[in-house]
Amino acid sequence: MAILGTDIAHAKQLLEQGQLVAIPTETVYGLAGNALNPDAVLSIFKAKERPSFDPLIVHTDSIEKIERWVTHFPKALKALSTAVWPGPLTILLPRNELIADIVTSGLETVGIRIPNHPLTLSLLQSLDFPLAAPSANPFGYISPTQAAHVNEQLGDLIPYILDGGSCEVGIESTIVAWENNQLHVLRLGGLSVEVIENLSHQKVTLHLNQSSNPHAPGMLKSHYAPRKPLYIGDIDQLLKQHTGKRIGVLSFQHAVPDINIQRTLSTKGDPHEASKNLFRFLRELDQSDAEILISEFVPEFDLGRAINDRLRRAAYSE
Ligand code: TXA
Ligand code: MG
């Protein structure tokens with residue numbers, strides 16, 4: 001098992017040696033390595049069993065540092081990221097030669113973000129290289145929102161986990177690109193489309209990849225998935241359809257009477273509270289005695305859109 005702690009100097013030392021450290025962010029925990037060291041980046045792919053076509057996000061702490069690794073920083077993206085960072089937004093920028101092919105799966109753009117977590121921000125400030133960090137889970141499984149989640153699955157593969165408590169946002173960052181003078185959202189996430197449109201004074205285009213054989217990588221139809229079958233729809237109907245089985249229920253606002261194994265995302269009906277709880281509850285249900293899991297969609301606004309996106313991918317089967 002990995003050691004858990006809050007020793008930034010130790011984390012820095014390991015990263016400088018090319019080792020991996022799990023880091024807390026406001027979205028989910030990341031599995032971090034030196035983004036300028038191709039061997040360290042390769043070991044991230046190995047630990048996660050992640051296919052090489054799925055590019056990594058690079059994390060740092062300032063716009064000045066970002067300018068060192070990109071050839072161009074479109075004004076609209078700079079304005080948006082300045083307003084949001086540190087925060088749950090990743091932007092795609094044209095990379096220069098310091099960012100190796102392995103980081104971006106050969107794409108000409110690199111995904112970059114400044115995450116909002118005090119421990120990780122201090123760590124990043126102390127480093128003169130950025131950190132490549134995908135979510136710290138085996139490829140395809142539910143993302144971790146607590147240090148213990150990382151330790152359960154990757155603890156034998158990494159020396160240290162910076163323990164920053166529970167992630168406040170709970171789902172991954174929203175990924176945005178600037179193309180043809182327009183903002184495009186490539187992955188729904190912890191920054192809602194409504195907030196992006198308000199801050200940028202423009203409508204965004206959604207470009208969510210639905211392919212299961214992606215040429216725009218990463219947005220696989222099946223992702224964030226529990227091991228148990230997950231069905232989504234009307235909870236009462238699903239309960240009837242699966243009578244006789246041990247069922248775990250994930251509801252949005254209202255618990256279901258007479259069900260032993262269940263979680264409710266937000267009794268207040270707050271999409272932010274729901275997103276904070278989503279992955280932890282899915283994990284807990286996956287580890288419960290239930291044979292199958294059922295869930296309902298949440299209202300399709302604010303972070304509810306990203307939650308529904310994750311539920312759809314978690315439930316997808318070929
Ligand atoms: O909130 C987050 O973004 C978390 C924390 C740790 O920062 N990270 C995260 O990383 O979710 P990961 O690897 O699980 O998801 C990154 C996704 C990739 O699957 C890919 O779809 C997309 O980001 N991505 C990265 N670079 C890209 C690029 N150059 N072009 C298109 N998509 C890219
Ligand atoms: Mg991930």
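In listed order, ligands and their atoms are each counted from 1. All values reported here derive from a predicted model rather than from experimental measurement. Heads up: numbering here begins at 1 and tracks the sequence.
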Acceptor/donor pairs from residues 14-22 side chains to any protein atom, 3.5 angstrom cut, sequence neighbours excluded:
{"from": "E16", "atom 1": "OE2", "to": "K12", "atom 2": "NZ", "distance (Å)": "2.9"}
{"from": "Q17", "atom 1": "OE1", "to": "Q19", "atom 2": "NE2", "distance (Å)": "2.9"}

- Message: Taking I44 as the starting point, is it possible to reach F129 by hopping between hydrophobic residues whose side chains are less than 4.5 Å apart?
- Response: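 Both belong to a single hydrophobic cluster.
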- Neighbouring protein N, O or S atoms of the Mg ion (ligand 2) [cut-off: under 2.8 Å, no waters]: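 Listed by chain and number: S135 OG.
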- Task: Assess the side chains of Q153 and R283: does a donor N or O sit below 3.5 Å from an acceptor N or O?
- Result: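 Indeed, the side chains of Q153 and R283 share at least one donor-acceptor pair under 3.5 Å.
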- Item | Per atom 8 (N) of ligand 1, closest listed option by heavy atom (S173, A133, G30, P115) |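 Answer by nearest heavy atom: A133.
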- Just go through L31, D54, V103 and tell me whose heavy atom is the nearest to atom 19 (O) of ligand 1.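 Considering heavy atoms of L31, D54, V103, the nearest to atom 19 (O) of ligand 1 sits in D54.
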- Pairs flagged by side-chain hydrogen bond (donor to acceptor under 3.5 Å, both in side chains) wherever residues 246-256 is involved - sequence neighbours left out: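 Those involving residues 246-256 are S251-T264.
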- Message: Can you list, by chain and residue number, the hydrophobic cluster partners of L238 when the side-chain cut-off is 4.5 Å?
- Response: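 Besides L238, the cluster holds Y231, I235, L239, I247, V249, V256, I259, I292, I294.
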- With only distance considered, is T25 within less than 3.5 Å of ligand 1 through an N or O on each side?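 Between T25 and ligand 1 (N or O atoms, distance only) the closest approach is not under 3.5 Å.
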- Under a heavy-atom criterion of less than 4.0 Å, does T104 contact ligand 1?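 T104: no contact with ligand 1 (<4.0 Å).
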- Task: Please work out whether the ring planes of H10 and Y160 are parallel, tilted or perpendicular, with thresholds of 30° and 60°.
- Result: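 Because their plane-to-plane angle is over 60°, the rings of H10 and Y160 count as perpendicular.
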- Query: Any sub-3.5 Å donor-acceptor pair from K48's side-chain atoms to A136's backbone N or O?
  - Reply: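 A pair under 3.5 Å: no.
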- Query: Does the salt bridge (charged side-chain N to carboxylate O under 4.0 Å, His left out) test come out yes or no for K78 and E67, once each step is laid out?
  - Reply: CA-CA 11 Å; K78 197 175 267 186; E67 310 264 14; 2.8 Å; yes
